[in-house]
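In listed order, ligands and their atoms are each counted from 1. This structure is a prediction, so every number in the text was calculated from the model and none was measured.
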Amino acid sequence: MIRSFFSVMALVCVSLLSQAQQSCPVIPLPSQSTPVKAVFPLNDHTPLAVSEPALLASANMLQQQLLQYAGIRLVIAPKAPGYGILLKKVKGDNPAAYSLEMTGTQVTISASGDEGIFYGMMSLMQLVRTAKPKAAAAQVPCWNIADKPLFGWRGFMLDESRQFFGKAVVKKLLDEMASYKLNRFHWHLTDEPGWRLEIKQYPRLSLVGGIGVHGDSTAPAQYYTQDEIKEIVAYAKERHITVIPEIDMPGHATAANKAYPQFSGGGSAKYPEFTFNPGKEETYQYLTNILREVNVLFPSQMIHIGGDEVSFGSEKWKTDPAVQQLMQTKGLNSLLEVEHYFIKRMADTLLKLNSKVLGWDEVTAAQLPAKETIVFWWRHDKADQLKGALDKGYNVVLCPRLPYYFDFVQDSSNTVGRRWAGGFNPLKRVYDFSLATLPVPVGNRAAQIEGIQANLWTETVRTTERMYYMTFPRLLALAEAAWTAPEQRDFAQFEQRLKQHLPLLKQQGIYYMESPKSTPEPIR
Ligand code: ACM
């Protein structure tokens, strides 16, 4: 009798302990999460209510998500019936913070506005989807969650100049970004192989500049019309994702120069027609006209003007009469000074458009207005670029090649894709990144760090299948590194939670890297 009493008690203790240790299946891991011993039955008859009419658009987004991912069709109740799902506005000073409270009869998502409510809904959707809904119903394990992000900038960059994936694929990426609470989509739309957005004043940019992809300069023109851009920007906005266009200049301008050669500053043997001509006054007017349209299409009030790797193709500037004239009149002593002059002038254009100036870390030396500039630190081997950007007071997005270039391979067995001195970017490296791993102590300048971002360049990515493979599941590790405080992160536990998410990716037709055997690398 006594023995059986003790064994029952031991069992109870073990099960309570395992519940306490159970980790919340939500990715990124919330700041606080406690399991509740209850299951919430969700089906077509579950009422959905809002605390005020301003939340009706959010409620509709939850309806759409439940229909899309679980086949459940909720009705918005005219007033909160005291059970079901309630979206509730509360006072708070962090717009991204939310709480999700669940019992067996009531789910309440509270936040100070739409953004926090959206993140609460994304957490709920993950609980619903990992509960494997069937026949328009789910038994959702209950959790109490209080949550807020580590960084305000949680970004992903896609290079669609080198390969063009198109609207449906971009929307699918935005869906996944939103699900994992990433909030900045940096869209690399112009570069050497192709110019991918319609500019009404200069139609040849897309009609001629849009011809070709990396590896095939004759591929038919592919680009986004302005209507498509508007559609994608609106789709992202509904998901609390800001779209930042990149119009790379004065280098990486080959596609534009194919369309309008009169503004070319030439290139080099390896990078022909690589630059815009910084010596011609007409170039500034041309680029300003382009940026005016870009500014209308992308209401983020942030335009990325690249500024990277100009020296790859600026050697013709040494003999170009217009550039030489500029150097004389402005007293510029080197091509680097010409580059900085150009960047400063284009930054002035952006400021007149009320747009922030975003650029790769090469722009750090160009003396831009500190408060209006965001520098993207990408050269992981150049710690001084990061230090310089911080010292000059710029805000910084951290996207160092190691670990945040997703064109780098993720497993030693991968055969296509980049490495750096043998180094590459496995899931754990993406996951483990934090300010403490930086080569420069950030100290009391942490407020200048906007956040982190992964960049997928597509020279080695010819197909959508390979694009997904390079992106997933690393995107989920990035999301957790961007959202969850480093002291709460644990890679082994993340890998366990990830197992519940891989089937969700598969359901969406996304091919991901799991292991070299089970998910072979697509080589194109
Ligand atoms: C870059 O990788 N050129 C920013």
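Among residues two or more places apart in sequence or in another chain, the side-chain hydrogen bond (donor to acceptor under 3.5 Å, both in side chains) test is passed with E315 by none. With sequence neighbours excluded, the residues forming a side-chain hydrogen bond (donor to acceptor under 3.5 Å, both in side chains) with D147 are S31, Y98, W483, listed by chain and number.
Applying the ring pair (Phe, Tyr, Trp, His ring centres under 6.0 Å) test to pairs two or more places apart or on separate chains, those with a residue in residues 315-343 are Y284-F342.
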May I have the step-by-step check of salt bridge (charged side-chain N to carboxylate O under 4.0 Å, His left out) for E450 and R184, ending in yes or no? CA-CA 11 Å; E450 295 263 349; R184 299 282 185 269; 5.6 Å; no

Distance dump, ligand 1 polar atoms to protein, N/O, under 3.5 Å:
unit_1: ligand 1; atom_1: 2 (O); unit_2: Y405; atom_2: OH; d: 2.6
unit_1: ligand 1; atom_1: 3 (N); unit_2: D308; atom_2: OD2; d: 2.7
unit_1: ligand 1; atom_1: 3 (N); unit_2: E309; atom_2: OE1; d: 3.3
unit_1: ligand 1; atom_1: 3 (N); unit_2: E309; atom_2: OE2; d: 3.4

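Between K316 and D320 there is no salt bridge, since none of the side-chain N atoms of the basic residue sits less than 4.0 Å from a carboxylate O of the acidic one. Taking a cutoff of 4.0 Å between a charged side-chain nitrogen and a carboxylate oxygen, K230 and E228 do not qualify as a salt bridge.
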